[in-house]
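Before any comments, here is the structure.
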Amino acid sequence: MAGPPAGETWVPMSMGLESYLMRVRFAPSPTGALHIGGARTALYNWLMARGNAGTLVLRIEDTDKERSTPENVEQILDALKWLELDYDEGPISQLSRTDRHQELLQRLLAEGKAYRSTATGDDVKAYKSKHGADKGFRGAAQDEGAVRLRVPDEGSTTVHDIIRGDTVFQHVHMDDPVIARADGSVLYNFAVAVDDMDAEITHVVRGEDHLSNTPKQLLVYEAIGATAPLFAHLPLLHGPDGKKLSKRHGAASVQELRDAGFLPAAVRNYLALLGWGAADDQTIISTHELVAQFDVARVQKNPAQFDVKKLTWLNGQYVRAMDVDALTAALEAFTGRTGLREAVAISQEKIGTLADFWPLAGFLFDGPADDPAARAKWLDDGHRSALVQAREALAHLEPFEVGAIELALREVVEADPERKPKDVFQPIRVALAGTTISPGIFESLAVLGREESLRRLDAALATS
RNA sequence: GCCGCCAUCGUCUAGGGGACUAGGACGCCGCCCUCUCACGGCGGAAACCGGGGUUCGAAUCCCCGUGGCGGUACCA
């Protein structure tokens, strides 16, 4: 599916050849579920590719064999699929590129641009505490040990970042980074540069936690003699307490979002807004508009806090904008039940997430809930006559439809000047639903049908 | 500790020297609508981290401080 998405043959006027050939990548490490920050990184890359007729490459950074499992890879693939973010190339396993990594590693070793050293982390630390910040660790070449890249003593490496501008890293502050373990297996900072180079990635868009890794990777490019891509380091995402986002903030992973009943389109919209704003500050933006409008250069520099309340509101907007059939399909998939359409139609404007539906409307299918407080308040002797009259009004009503039901029940209200609407409607609600919260009462009666409605009213009268 | 990034309402943001009495959205508060819960409508409270500079003029540019965050792995 390389090339522009279906129906989108345009290329923004301002885009030159370089942008037209844009190649971006999403390169998660499979250490567990796809977190929200990772999802946003995936989304931004996807938006860039789709908005610029570019190519999105999916690469799995699995060079850490301890943590990378097939199950974890599967989780990431699932999450992307649920988010409806597709990719044009991959998934490529970084591990599968071992031969190529070794080839270049040996070359750097042979050229003296990298060297083996048995120096440990503690050795480096000791060296640092001796020399302070004025001298980065430089090892002496040995014939065994881990492979370190030789960092020049003088000069500096500048990261050109689309979001942040230039950041200069002085070489004297940098330690020679380890690029391969003593057993020869390569490390992230080496593999990522090689793979991005071979995949001809033009724009690396990733989390800000990689910013200080970038000069090391730039040095790898330089040692290999390759041209580095452009970088964009995204601000990190925090929870409501300003700390790193985690499970106790409600939902930290894409899977949790799905289970909480959020819609993929709403999640995409919300995630896009987390660190980025459209030029006109629009809040509800369809994925199609997002593709057209997203501009990584406009991404915020400061970290954003994930706010589940705003996501919930946004999700409600999407729920209400769906047509009933689509929402029914989503809810039937979510609940595992069928025949929900009528109940969905009368609940649509009252739910924020898919998970809100069953607690609200489940009584239509599974019978009344049991809320003793509601029964005590509304099914007492004081409301008995209203319930009896309502039952009579409904018993032979034709047709048994929303409009007729409302007329009939309002007549019951007016039959007694002391009566307020809720003195009739709430007892009915509690009789039908078992609780004081439900979709509209006329609508609920119509969906239940005459027979079931009368059964529930009789049951309430029998126990009150 | 060292290296680096960042800083507008509680939150997400608009703003990029004069259009700022700092705009929008979520949330919050009040009112309206109303059969419950919601939706919706109307209104309100709420921010330029602090201090110095530059300038006729600073939320916007510079410096310092403070705070937050990231990195400092033979993790990614």
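Spacing of C1' atoms, G65(B) relative to C75(B), comes out at 35 Å, to the nearest Å. Only the C1' atoms considered, A45(B) is 29 Å distant from U36(B), to the nearest whole Å. Taking atom P on both A47(B) and U34(B), the two are 36 Å apart, rounded to the nearest angstrom. A59(B) sits 10 Å from A19(B) when the P atoms are compared, rounded to a whole Å. The C1' atoms of C37(B) and A25(B) are separated by 24 Å, rounded to the nearest whole Å. Between U21(B) and A46(B), the two C1' atoms lie 15 Å apart (nearest whole Å). Nucleotides C48(B) and G40(B), compared at atom C1', are 33 Å apart to the nearest Å.
Of the listed nucleotides (G70(B), U11(B), A7(B)), U11(B) has the atom at the smallest distance from the side chain of Gln305(A). Nearest to the side-chain atoms of Arg410(A) among the listed nucleotides U36(B), C35(B), C5(B) stands C35(B). Side-chain proximity of Asp307(A) to the nucleotides C6(B), U11(B), C5(B) is greatest for U11(B). Comparing A76(B), A7(B), C12(B) by their closest approach to the side chain of Asn302(A) singles out A7(B). For Ile437(A), whose side chain is taken as the heavy atoms from C-beta onward, the closest listed nucleotide among C26(B), U36(B), G4(B) is U36(B). Listed nucleotides: C26(B), A38(B), G71(B). Nearest to the side chain of Trp313(A): C26(B). Taking every side-chain heavy atom of Asp175(A) into account, U72(B) is the closest of U72(B), C5(B), C12(B).
Residue order along RNA chain B, read from the 5' end via each residue's closest nucleotide, puts Arg298(A) first among Arg298(A) and Pro421(A).
Nucleic acid contact class of Ala182(A) (heavy atoms, under 4.0 Å, all strands): base. Counting any heavy atom pair closer than 4.0 Å across all strands shown, Ser438(A) reaches a base atom. At a threshold of 4.0 angstrom between heavy atoms, the contacts of Asn213(A) include nucleobase atoms, whether or not backbone atoms are also involved. Looking at heavy-atom distances under 4.0 Å, Glu61(A) makes contact with sugar-phosphate atoms alone, never a base. At the heavy-atom level, Tyr270(A) lies nowhere under 4.0 Å from the strands shown. Nucleic acid contact class of Ile441(A) (heavy atoms, under 4.0 Å, all strands): base.
Under the 6.0 Å cut-off for aromatic ring centres, Phe334(A) and Trp358(A) do not qualify, their centroids lying 6.0 Å or more apart.
The distance from atom CG of Leu56(A) to atom CG of Leu47(A), rounded to the nearest 0.5 Å, is 10.0 Å.
A cation-pi arrangement, defined by a distance under 6.0 Å to the six-membered ring centre and an angle within 45 degrees of its axis, is present between Arg40(A) and Tyr44(A).
C33(B) adopts an anti glycosidic conformation, its chi angle falling more than 90° from 0.
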Please lay out, stage by stage, how Asp175(A) and Lys128(A) fare under the test side-chain contact (heavy atoms from CB on, under 4.5 Å).
CA-CA 9 Å; Asp175(A) 301 325; Lys128(A) 297 285 280 186; 3.3 Å; yes
